[in-house]
Amino acid sequence: MIAAKIVSLSLIASGAGLFGVIGYMQHHHPESGVKAEPVAAAPLRVFVDKPVEVAPPAEPTTVVLPPMVVKEKKISRSAPVAKPPTRVPCSGWRDLGYQHVDNGQATGVSRVREICPPEAPSGH
């Protein structure tokens, strides 16, 4: 515990010292008063010995498209959802485990029964 405190305090102290050294160097640097002039790039110049011939524009052509046909959207009705089959209890009650556990103290008992289709034989 004490070792962790010593490590954390030494890291804080070294970080603060480093912060101070960087501030000192920035403030007392010999070139800190010199401002750099922005450098502008000269535009690229291209010289051509002879003029370039340009072909005359082509005659505009007409494009004929077939007429667009919009069809009516058919609304599909979904199939009716079948009801799940009914289920009935087909066994007696059995203990599953504790109902609640509070602060390590178990209370109550959870009980369950099996459920089956109505045509299954009843076991209770």
Side-chain angles (χ1 to χ4, degrees):
M1 186 71 167
I2 292 176
K5 289 181 181 180
I6 291 172
V7 169
S8 62
L9 289 175
S10 63
L11 287 174
I12 290 171
S14 64
L18 185 61
F19 184 73
V21 167
I22 291 172
Y24 176 82
M25 289 174 63
Q26 285 181 345
H27 202 43
H28 293 87
H29 193 272
E31 296 177 4
S32 63
V34 178
K35 292 186 179 178
E37 294 293 325
V39 178
L44 179 64
R45 294 181 184 175
V46 178
F47 296 99
V48 179
D49 293 338
K50 57 182 179 180
V52 177
E53 294 182 22
V54 178
E59 290 289 325
T61 57
T62 305
V63 177
V64 179
L65 296 175
M68 184 171 65
V69 178
V70 178
K71 294 182 179 179
E72 183 178 341
K73 182 178 179 181
K74 295 181 181 178
I75 299 174
S76 62
R77 303 202 187 275
S78 60
V81 178
K83 286 184 173 181
T86 57
R87 304 266 181 181
V88 294
C90 58
S91 71
W93 291 98
R94 63 184 167 105
D95 296 340
L96 183 65
Y98 297 112
Q99 205 168 23
H100 300 284
V101 178
D102 294 321
N103 295 328
Q105 298 295 322
T107 58
V109 176
S110 291
R111 302 182 78 205
V112 294
R113 292 175 80 175
E114 289 184 43
I115 56 171
C116 303
E119 58 272 357
S122 175
H124 55 242

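Across all their heavy atoms, Gln99 and Val109 have their closest contact at CB-N, 4.0 Å. For Ile115 against Cys90, the heavy-atom pair with the smallest separation is C-SG, 3.9 Å.
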Let me check something: any side-chain donor-acceptor pairs from residues 5-14 under 3.5 Å, sequence neighbours excluded? List them with distances.
residue : atom : partner : partner atom : Å
Ser8    : OG   : Ala4    : O            : 3.1
Ser8    : OG   : Lys5    : O            : 2.9
Ser10   : OG   : Ile6    : O            : 3.2
Ser10   : OG   : Val7    : O            : 2.8
Ser14   : OG   : Ser10   : O            : 3.2
Ser14   : OG   : Leu11   : O            : 3.0

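Under the salt bridge (Lys or Arg N to Asp or Glu O under 4.0 Å) criterion, Asp95 pairs with Arg111, sequence neighbours left out.
Here salt bridge (Lys or Arg N to Asp or Glu O under 4.0 Å) pairs that include residues 68-82, with residues two or more places apart or in two chains, number zero.
Between the Arg113 side chain and the Ser91 main chain, a donor and an acceptor come within less than 3.5 Å of each other.
Between Arg94 and Val112, the closest side-chain pair of non-hydrogen atoms falls below 4.5 Å. Side-chain contact check for Pro89 versus Glu114: every heavy-atom pair is 4.5 Å or farther apart.
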